[in-house]
Amino acid sequence: MVSPKIAPSMLSSDFANLAAEAKRMVDLGANWLHMDIMDGHFVPNLTIGAPVIESLRKHTNAYLDCHLMVTNPMDYVEQMGKAGASGFTFHIEVAQENWQELVRKIKSAGMRPGVALNPGTPVEQVYPLVEGATPVEMVLVMTVEPGFGGQMFMPNMMDKVQTLRQKYPTLDIEVDGGLGPSTIDAAAAAGANCIVAGSSVFGAPQPGDVITLLRESVEKASSPTT
Ligand code: DX5
Ligand code: ZN
């Protein structure tokens with residue numbers, strides 16, 4: 001059985017107070033902290049890298065769920081591992097050729113490998129990675145075009161989530177982009193259990209209430225209905 005993992009996206013936090021923001025989220029019940037690493041090339045935005053992960057790691061034991069929106073993920077494995085990243089999720093669009101080596105390296109650097117797919121990428125592309133000899137341990141289904149927080153959830157991505165959940169009952173399936181109180185039920189019903197939420201959590205008057213609501217929706221959807 002998969003368990004809910006609620007992962008506030010720190011992209012929507014106050015980066016100037018990252019350690020305090022991380023603590024605040026963990027205290028409010030976050031399971032993971034989602035860290036968006038962007039290189040200004042794979043996506044038209046530039047955010048943070050390994051030095052920031054390394055600094056944050058000194059202030060928290062939380063699981064740092066790192067989402068690499070970069071053109072050359074291989075170049076970052078070693079430094080992200082040393083910095084203290086917990087999960088390393090790369091995009092399949094830039095890893096068609098070398099995903100096997102990449103997954104192996106991520107594991108030997110002590111991180112949990114995940115693969116992400118953009119809205120336009122067919123779900124079939126990740127099957128070999130889930131079924132490989134050295135499999136990824138999470139699939140991230142993007143529910144917006146990557147690059148920015150605060151975009152609209154794309155409900156038609158739920159077909160991908162449903163297909164993955166039917167095929168892989170115990171796989172961690174993450175959704176990222178536009179998740180919040182009005183969209184979580186669709187994602188949870190489709191079978192997502194790892195929920196990234198940026199603006200809906202950080203923009204709420206009571207972020208803890210949103211985290212709780214997200215978790216309850218996933219729990220409700222995954223409990224047996226006898
Ligand atoms: C978008 C990032 C997301 C983003 C989500 O490229 O991968 O993690 O922070 O933000 P919201 O929840 O505001 O859509
Ligand atoms: Zn992300």
Side-chain angles (χ1 to χ4, degrees), residues 4-15 18 21-22 25 28 30-49 52-53 56 62-71 73 76 80 85-95 111-121 126 136 138-158 160-161 172-188 192-205 207 209-211 213-215 217-218:
K5 305 283 182 214
I6 309 305
S9 171
M10 302 310 287
L11 185 60
S12 294
S13 75
D14 176 4
F15 270 148
L18 191 54
E21 291 282 73
M25 289 301 123
L28 291 174
N31 304 93
W32 290 355
L33 300 175
H34 185 81
M35 308 301 297
D36 287 302
I37 318 284
M38 304 185 192
D39 67 354
H41 187 262
F42 180 71
V43 287
N45 195 7
L46 191 61
T47 55
I48 58 164
V52 174
I53 301 295
L56 180 59
Y63 184 99
L64 300 179
D65 173 38
C66 298
H67 176 195
L68 283 282
M69 285 159 276
V70 302
T71 303
Y76 301 95
M80 289 296 287
S86 311
F88 185 109
T89 301
F90 59 89
H91 270 262
I92 187 62
E93 296 82 10
V94 289
M111 297 175 290
R112 203 162 167 256
V115 66
L117 62 159
N118 280 343
T121 304
V126 302
V136 292
M138 184 174 83
V139 174
L140 194 185
V141 175
M142 288 305 299
T143 45
V144 298
E145 292 296 341
F148 300 91
Q151 304 181 73
M152 290 265 288
F153 176 78
M154 301 166 78
N156 50 338
M157 293 300 122
M158 293 306 97
K160 291 184 191 176
V161 174
D172 272 340
I173 301 176
E174 186 169 65
V175 283
D176 182 7
L179 272 303
S182 60
T183 52
I184 184 60
D185 287 346
N193 67 302
C194 304
I195 312 297
V196 177
S199 44
S200 70
V201 168
F202 285 94
D209 291 353
V210 178
I211 291 172
L213 184 151
L214 297 173
R215 175 172 305 99
S217 175
V218 175

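Scope of the values below: all heavy atoms of this structure, side chains included, with no hydrogens, waters or symmetry mates. Read the numbers this way: they start at 1 and go in the same order the structure lists the ligands and their atoms. All of these numbers come straight from a predicted model, not from anything done at the bench.
Under the 3.5 Å distance criterion, the side-chain polar atoms of T47 are left unmatched by any main-chain donor or acceptor of L11. With S217 contributing its side chain and L214 its backbone, the two residues share no donor-acceptor pair below 3.5 Å. Formation of a donor-acceptor pair under 3.5 Å by the D39 side chain with backbone atoms of H41 is found in this model. With hydrogens and angles disregarded, a donor-acceptor distance shorter than 3.5 Å links the side chain of S200 to the backbone of L179. For K160 (side chain) and M142 (main-chain N/O), no donor-acceptor pair under 3.5 Å exists by modelled atom type. Side-chain N or O atoms of N45 include one that pairs as donor or acceptor with a backbone N or O of G147 at under 3.5 Å.
Atoms of ligand 1 found under 4.0 Å from any heavy atom of G178, numbered from 1 in the order shown, are 11 (P), 12 (O), 14 (O). Per-residue contacts place L11 under 4.0 angstrom from the following atoms of ligand 1 (heavy atoms of the residue considered): 9 (O). Near H34, the atoms of ligand 1 lying under 4.0 angstrom from a non-hydrogen atom of the residue are 8 (O). Near V196, with a cut-off below 4.0 Å to any heavy atom, the atoms of ligand 1 are 8 (O). Against a heavy-atom cut-off of under 4.0 Å, A197 is close to the following atoms of ligand 1: 12 (O). Remark: ligand 1 atoms within the under-4.0 Å shell around heavy atoms of G177 are 14 (O). Those atoms of ligand 1 that come under 4.0 Å of a heavy atom in P146, given as number and element, are 6 (O). Close approach of ligand 1 to H67 is summarised as follows: ligand atoms under 4.0 Å from at least one heavy atom of the residue are 7 (O).
In terms of protein heavy-atom proximity, atom 5 (C) of ligand 1 is closest to D176 OD1, 3.5 Å. The nearest protein atom to atom 1 (C) of ligand 1, hydrogens excluded, is given as F148 O, 3.5 Å; this is a heavy-atom distance. Of all protein heavy atoms, the one closest to atom 10 (O) of ligand 1 is G149 CA, 3.5 Å. Closest to atom 2 (C) of ligand 1, if we only count protein heavy atoms, is D36 OD1, 3.4 Å. Atom 12 (O) of ligand 1 has as its closest protein heavy atom G198 N, 2.7 Å.
Between H91 and F42, the ring-plane angle classifies as tilted under the 30° and 60° cut-offs.
The name of the N, O or S atom in H67 nearest to the Zn ion (ligand 2) is ND1. For H34, the N/O/S atom at the shortest distance from the Zn ion (ligand 2) is named NE2. Looking only at N/O/S atoms, D36 comes nearest to the Zn ion (ligand 2) through OD1. Atom OD2 is the N, O or S atom of D176 at the shortest distance from the Zn ion (ligand 2).
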query: Does the salt bridge (Lys or Arg N to Asp or Glu O under 4.0 Å) test come out yes or no for D172 and R112, once each step is laid out?
result: CA-CA 11 Å; D172 272 340; R112 203 162 167 256; 2.8 Å; yes

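Expressed to the nearest 0.5 Å, how far NE2 of H34 lies from CD of E174 amounts to 5.5 Å. The CG atom of L18 sits 8.5 Å away from atom CG of L33, with the distance rounded to the nearest 0.5 Å. Once rounded to the nearest 0.5 Å, the distance linking OG1 of T143 with CE of M157 reads 8.5 Å.
Residue G147 places at least one N or O, backbone or side chain, under 3.5 Å from an N or O of ligand 1. Of the polar atoms of S199, at least one N or O is found under 3.5 Å from an N or O of ligand 1, judged by distance alone.
A donor-acceptor pair shorter than 3.5 Å can be found between the side chains of D36 and S9.
For atom 11 (P) of ligand 1, the candidate residues are S200, S9, G150; the nearest heavy-atom contact is made by G150.
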